[in-house]
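Take a look at the structure set out below.
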Amino acid sequence: MPYPFLHGLNPEQRAAVTLPHESALILAGAGSGKTRVLTTRIAYLIQSGQATPGGVLAVTFTNKAAKEMLTRLSAMLPINTRGMWVGTFHGLCNRLLRAHHREAALPALFQILDSADQLSAIKRLLKSLNVDEEKYAPKQVQHFINASKEEGLRAEQVDAYDTYTTTLREVFAEYDRQCQREGVVDFAELLLRSYELLSRDTNLREHYQSRFRHILVDEFQDTNRLQYRWLKLLAGPATAVFAVGDDDQSIYAFRGAHVGNMHEFERDFSVQKIIKLEQNYRSHGNILDAANALIHHNAGRLGKNLWTSEGAGEQIRLFEAATDQEEAAFIVDEAKALQREGVSLADIAILYRSNAQSRVLEHALFNAAMPYRVYGGLRFFERQEIKHALAYLRLMASSDDDGALLRVINFPARGIGARSLEQLQDAAKTRGVNLFEAACMRVVGGKAGTSIGNFAALIEMLRGECADLPLPEQIEHMLDKSGLLLHYQGEKEGAERVENLNELVNAAAGFIAENQDASLAGFLTHAALEAGEHQAEAGIQAIQLMTVHAAKGLEFHAVFLSGLEEGLFPHENSRNERDGLEEERRLMYVAITRARRRLYISYAQSRMLHGQFRYGLVSRFLGEIPGELLKAINTSRSHSHAAWGAPSPAPQVRASAVTAGATWRIGQNVVHPKFGAGVIVNCEGGGDDARVEVKFRDHGAKWLALEYARMTAV
DNA sequence: ACTACGAGACTTTTT
DNA sequence: GTCTCGTAGT
């Protein structure tokens, strides 16, 4: 056997890895060894001489996944992975555009805008165009622009049927002009620009098409329409595309992911046969059965059933709490018990649908002195002080970057206010120069004018002094001379920010050690394309708290899935979205399949939400899990709230309100003395101020206080 | 130019 | 409840 890495693969995995030169779709269920198949396939192709490292392109969604792939590859093969094109869609597009910036009509040192940079660029543009920000919310404009680009559309190709869209379209066009002028590129632009480059430039396209005989795509279900078209364009007649994905784990439709790409791929690339990886190496049987049963409620799946050779294992533990606090207390108690049994805290996760839910959990963990770690929130390169530092660096690298200039021209404060900035911007516009040049020309008079001139001189000075310094020293120098460091040192709560700024110097040192391209521009690109670690790292001895989205791709010995209430999970906003409920169900599927051995699912009858108590019903998803897989483990304290009926025997739990002897639940038919017949469709509040929404046959929907409404159940 | 206060939002998120 | 954002006041 010349390929030792094929050992230990199951028949389907092996079939996928050793597939002949043809495009293939691998349907890889949760925990089925997807990454292993992907990397082993590459190793096999290279080892068997079917591909050279330079002829392989592998694309992922996150930097973490790309790194993981490279690490595993170099463990399997004694090759230099440098020549391989392994990276994220954005990273690869960046690489392409850097190499052919002239053909793509971009400056050699184009900067990349992250979402926040893009938003401020849009705000600035709206102001200069005198567009009403009330009517055209910057966030919506941003979404419009990005969504258009992700459909492959430029401003002039967007349909406008009313004045509103016409304005949006105009702003879009103007935005692109502004970016071009300033030499910056947003995330969607990276994709679209390289797509356009390849489709326009036949020579270039054919060059890459014949070079990449193998394209491999990870998390294919997460590709958007533009990414799919990009792949189609890059794949030449002799290219085999190896797409690995799981339609059941598509949870990013809200940001443009298009699962339909899987069907289209099958057709467009004449896929002979879909290989399904259904053997799961992660979870015990009951957990998989629950996941299978749940996801079965979705329509239009490609179809897949996870199985394991391990035993059924434990039942899923179901806990009904009276309040969110009680739910948190329960989780803490159970986690402590697990810890006593010897389970590592790092192997316990508490998952929730939305970040707002973490507060109560954190509070309970904190009071119990349990170490925990919350994932999510601001990442390193997104922090204010880092953004400021990067803006200085960007301005040093390129005078055209108006956005960077505006960010730091008065930070730290130099007495340059809105007034003088306006003058500066006007002057720049009439003279057709960028803000930095205008600043150098000292077009603004008075004291502020002097400050502006001094600022320009500062940047010039930094450029001169940094020219021959190694990158980390350049940054140190800038932090010092710009006054940034001093500013934060003088701030009451600035210690952490100072620390982060020092960390930026370290990051630069790490960057030059790992990359051949040790330039400032290279580092800035790195900073934009890789905002820093957001996903959980193994090894930290603390309970892991994160959203279900953030947990995708991870696994834990024990998982607490909290807040299984209608309106929360599935989230109520999902009701308005097309196929929203199905995406929520896939999210639930992802959540369940994170657990290896033990899964807890909990919900609370009442919960503090948006500053007031909300009373929810148990999530419909619990009803979609077969009862025999669940074990209710309610403790006595959960029955303390009299306003709610005793839970019906689990798992067919039904939250219901009890008032004056009558039981109300959603779906209950009622008769009202004034409004007549109707059906309860929603409920809110509890106890004395419980209210229900009743949809009346003849009077529409109304909210009624249970205490006063004299309804009869029918 | 900076602080303070009130209004309004508030699902999920990588690049 | 808590955070951000924008405006008004100092």
Side-chain angles (χ1 to χ4, degrees), chain A residues 59-66 87-94 112-120 123 133-134 137-139 143 146 149-150 185-192 218-219 222-224 226-227 250-257 324 351-360 363 375-379 381-382 384 410-421 447-448 451 525-535 546-553 563 567-577 580 583-584 586-588 590-591 607-614:
Chain A
V59 58
T60 63
F61 275 86
T62 65
N63 292 300
K64 191 185 172 199
T88 62
F89 277 101
H90 295 86
L92 296 174
C93 287
N94 173 61
I112 296 169
L113 298 185
D114 69 14
S115 309
D117 297 332
Q118 183 188 34
L119 190 62
S120 54
K123 282 185 183 161
E133 289 191 26
E134 296 275 274
K139 281 242 171 68
H143 180 259
N146 290 338
K149 287 187 181 181
E150 280 165 15
V185 165
D186 62 52
F187 287 139
E189 184 72 22
L190 281 173
L191 261 306
L192 184 53
D218 188 20
E219 305 278 17
D222 287 340
T223 50
N224 65 33
L226 181 56
Q227 287 160 341
S250 159
I251 56 173
Y252 287 114
F254 72 91
R255 67 174 195 215
D324 48 354
L351 307 184
Y352 34 80
R353 172 67 238 268
S354 68
N355 284 309
Q357 288 165 251
S358 74
R359 242 196 63 251
V360 203
H363 195 81
Y375 292 91
L378 268 196
R379 292 175 317 165
F381 286 109
E382 291 167 355
Q384 180 207 130
N410 197 36
F411 194 95
R414 299 185 173 86
I416 302 167
R419 243 282 114 71
S420 20
L421 271 183
K447 212 167 66 200
S451 308
T525 299
H526 166 81
L529 247 30
E530 196 164 351
E533 198 51 69
H534 208 167
Q535 269 222 314
M546 65 191 87
T547 63
V548 179
H549 282 94
K552 188 174 168 214
L568 248 194
F569 201 176
H571 199 277
E572 62 186 327
N573 293 6
S574 70
R575 286 197 310 199
N576 313 321
E577 280 155 33
E583 177 142 320
E584 294 288 307
R586 291 191 292 267
L587 199 51
M588 178 74 180
V590 168
R607 172 181 302 277
M608 189 67 120
L609 208 65
H610 304 324
Q612 51 185 340
F613 278 105
R614 299 282 309 214

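The chains referred to below are lettered A, B, ... by the order of the sequence lines, with proteins before strands, and numbering in each begins at 1.
- A donor atom on one side chain and an acceptor atom on the other are not found under 3.5 Å apart for Ser115(A) and Gln118(A).
- Between the base of dT15(B) and the side chain of Ser115(A) there is a donor-acceptor pair shorter than 3.5 Å.
- Both thresholds, 5.5 Å between centres and 30° between ring planes, are met by Phe254(A) relative to the base of dT12(B), so the two rings are stacked.
- The aromatic ring of His90(A) does not sit over the base of dT15(B); the criterion of centres under 5.5 Å apart with planes under 30° is not met.
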Could I get a table of every N or O pair under 3.5 Å where one atom is in the protein and the other is in nucleotides 1-8 of chain B?
residue	atom	partner	partner atom	Å
dA1(B)	OP1	Gly417(A)	N	3.2
dA1(B)	OP2	Gly415(A)	O	3.3
dA1(B)	OP2	Gly417(A)	N	3.0

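- Glu577(A) comes within 4.0 angstrom of a base, heavy atoms only.
- Within the structure, a side-chain polar atom (N or O) of Arg379(A) is placed less than 4.0 Å from OP1 or OP2 of dT15(B).
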Determine, for nucleotides 1-10 of chain C in 5'-to-3' order, which nucleotides have protein heavy atoms under 4.0 Å from the base (write B), from only the sugar-phosphate (write S), or from neither (write -).
BS--------
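- Ring to ring, Phe254(A) and His549(A) are close: their centroids are under 6.0 angstrom apart.
- Classification of Asp222(A) and Lys552(A) as a salt-bridged pair holds, one side-chain N sitting under 4.0 Å from a carboxylate O.
- Counting all heavy atoms, side chain and backbone alike, Phe381(A) lies closest to Glu530(A) at CD1-O, 3.2 Å.
- Test Val185(A), Leu191(A), Leu529(A), Thr88(A) against Asn94(A) for side chain to side chain contact (heavy atoms under 4.5 Å, CB included) and you get one pass: Leu529(A).
- Checked against dT12(B), dT11(B), dT14(B), the side chain of His571(A) finds its nearest nucleotide in dT11(B).
- Comparing atom distances between the Asn63(A) side chain and each of dT11(B), dT13(B), dT15(B) picks out dT15(B) as nearest.
- The line from CZ of Arg255(A) to CG of Asn146(A) is 12.5 Å long, rounded to the nearest 0.5 Å.
- Taking 4.0 angstrom as the limit, Asn355(A) places a side-chain polar atom (N or O) nearer than this to OP1 or OP2 of dT13(B).
- Phe89(A) comes within 4.0 angstrom of nothing in the nucleic acid, heavy atoms only.
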